[in-house]
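What follows is a set of notes on a single structure, which appears directly below.
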Protein chains: 2
Amino acid sequence: MLSESSLAQAFTARGYKLTRPRRAVLKVVAQAGAGLSPAQIHARAKKFHPHTGLVTVYRTLDLLAECGAVRRVHGEDGCHSYAPASAGHAHHVICGQCHAVVEFEECDLAELLKTVQRRTGYKIQEHWLELFGLCPNCR
Amino acid sequence: MLSESSLAQAFTARGYKLTRPRRAVLKVVAQAGAGLSPAQIHARAKKFHPHTGLVTVYRTLDLLAECGAVRRVHGEDGCHSYAPASAGHAHHVICGQCHAVVEFEECDLAELLKTVQRRTGYKIQEHWLELFGLCPNCR
DNA sequence: GGGCTAATTGAAAACAGTTTTCAGTGTGAT
DNA sequence: ATCACACTGAAAACTGTTTTCAATTAGCCC
Ligand SMILES: [Mn+2]
Ligand SMILES: [Mn+2]
Ligand SMILES: [Zn+2]
Ligand SMILES: [Zn+2]
C-alpha cells in the first residue's frame with residue numbers, strides 16, 4: 001500500500017513543488033485500491049481540493065509514472081487507467097468485476113523466456129504480464 | 001502466417017460480404033509482419049483499393065478481432081496497433097526497433113498462476129502477456 | 001512575517017483518434 | 001438481370017489528451 005507521505009517525499013526529493021491540487025491527486029492515488037482513469041481521479045481529487053483541474057491530474061499522473069509510483073493498466077478496451085505501483089518490478093492482478101487491483105512480484109518467467117528466445121530468435125528485453133480474475137470479495 | 005484466403009473464408013462463413021475495401025484490408029493484415037495502426041492499415045489498403053475509407057478499416061478490424069484474426073498489441077504509449085493472430089491462445093513478441101511481431105504459443109504459467117492465486121486470493125481467469133525485445137534482423 | 005521568482009495552475013482552444021450518421025452504392029442471392 | 005439489404009465513405013460528432021497562456025502560488029531569501 002502506498003502512503004501519501006511517501007509519495008509527497010518522492011515529489012519534493014525531485015524538486016517538484018507540493019501544491020494543493022497535487023496533494024489531492026496523491027491522496028486519491030494513495031487510497032486507490034483499483035485502477036482509475038484520469039477522469040475518475042479528477043472526480044475524487046475535487047473532494048479534497050475542489051478547484052483541481054483535469055489538466056493537472058494528467059500532469060501529476062505523468063510525474064507519478066516517472067517516479068514509478070503508478071503504472072498504466074491494460075483493460076479489454078485499452079489502457080486508460082492507472083494503478084498504484086510499489087517500487088521495483090511487479091505486475092497486477094485485476095478483478096474483472098470491481099476492478100480492484102493488487103500487485104505481485106513473483107514472476108518466474110525465466111524458463112518461458114528462454115524457450116521463446118530460442119524459438120523466435122528474438123532477444124527478449126522486457127515483459128509485460130497482467131492477470132484478470134475475481135477478487136476475494138467478488139467471487 | 002495468415003493467408004488472405006483463410007481470412008476471406010472466415011468472413012463468408014459468418015455471412016459477411018466480401019467487398020473490395022474489405023479485401024484490401026484483409027490483404028494488408030495477411031501480409032503484415034508487424035503491428036499496424038488503423039491509419040497505417042488504411043494507407044496500405046488504399047494501394048489495393050484506392051477508395052478505401054478509414055471508417056471501413058475500423059469496421060473491418062472489429063470484424064477481424066471478432067474472428068480472432070487480429071489482436072490489439074500494447075506499446076509503451078498505449079495499445080493502438082493490431083497484429084495478425086492465428087487461431088487459439090497465443091501471445092506476441094514485439095521488436096522494439098522495427099515493431100516486427102511474431103506469435104508464440106507455449107506459455108506455461110500454470111505454476112505462476114497457482115502461486116499468485118494462493119497469495120492474493122484472486123480466482124484467476126485470464127492472462128495477458130507480451131514480450132519486447134529485438135528481432136533477429138535488428139540485433 | 002513580507003517580498004521574489006520560477007514553477008505551477010486551470011480555462012479555453014487545439015488536437016488526435018475513434019464512432020456515428022446517412023444518403024448512396026455494390027454484393028450475392030434469386 | 002433484378003432486388004433487398006448489407007455495406008460504404010464523407011462529414012459531423014464525440015472522447016480523451018495535449019497545448020497555450022495569463023494568472024496564481026509554493027518555497028526560498030531576506
Ligand atoms: Mn515480471
Ligand atoms: Mn498464455
Ligand atoms: Zn472484485
Ligand atoms: Zn526488428
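In the text below, chain A, chain B and the rest are named by the order of the sequence lines, each starting its count at 1.
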- Task: Could you check how far CZ of B/F11 sits from C1' of D/dA6, rounded to whole Å?
- Result: 13 Å
- Message: Nearest whole Å is fine: how far is D/dG16 P from A/Q40 CD?
- Response: 11 Å
If only atom types and distance count, is the side chain of [X] paired as donor or acceptor with the main-chain N or O of [Y] below 3.5 Å?
X	Y	value
B/Q117	B/I124	yes
A/H42	A/V25	no
A/R139	B/G121	yes
B/E106	A/T115	no
A/T120	A/V116	yes
A/T56	A/T52	no

- If Ile, Leu, Val, Met, Phe, Trp and Tyr residues are connected whenever their side-chain heavy atoms lie under 4.5 Å apart, and connections chain through other members, are B/L36 and B/V101 in the same group? no
- Same hydrophobic cluster for B/L112 and A/F132, using side-chain heavy-atom links shorter than 4.5 Å among ILVMFWY? no
- Query: Where do A/A90 and A/E105 come nearest, in terms of heavy atoms and distance?
  - Reply: CB-CG, 4.2 Å
- Note on the structure: Closest non-hydrogen contact found for B/L2 with B/P84 is CD1-CB, 3.6 Å
- Members of residues 42-53 of chain B that approach DNA chain D, where some heavy atom sits under 4.0 Å away: B/H51, B/T52, B/G53
- Message: So, does A/R22 get its side chain near the phosphate of C/dT9, meaning an N or O under 4.0 Å from OP1 or OP2?
- Response: yes
Can you check nucleotides 18-24 of chain D for protein contacts, nitrogen or oxygen pairs under 3.5 Å, and list what you find?
none

- Just how large is the angle between the end axes of the helix from C/dG1-D/dC30 to C/dT30-D/dA1, five pairs per end, to 10 degrees? 40°
- Query: What class does the angle between the rings of B/W128 and B/H74 fall in, given that below 30° is parallel, 30 to 60° is tilted and above 60° is perpendicular?
  - Reply: perpendicular
- Task: Can you label the angle between the A/H89 ring and the A/H91 ring as parallel, tilted or perpendicular, going by 30° and 60°?
- Result: perpendicular
Within the sub-3.5 Å range, which N or O atoms of nucleotides 27-30 of chain D have a protein N or O partner, and how far apart are they?
{"unit_1": "D/dG27", "atom_1": "OP1", "unit_2": "A/L18", "atom_2": "N", "d": "2.9"}

- Query: Hey, are the side chains of B/H127 and B/C107 touching, using non-hydrogen atoms and a 4.5 Å cut-off?
  - Reply: yes
- Message: Going by the rule side-chain contact (heavy atoms from CB on, under 4.5 Å), which residues pair with B/R72 if we only count those two or more places apart in sequence or in a different chain?
- Response: B/C79, B/Y82
- Query: Is the number of heavy atoms from other residues, nucleotides or ligands within 6.0 Å of CZ (B/R44) greater than 12?
  - Reply: no
- Query: Do any of residues 64-83 of chain A sit with a heavy atom less than 4.0 Å from DNA chain C, and if so which?
  - Reply: none
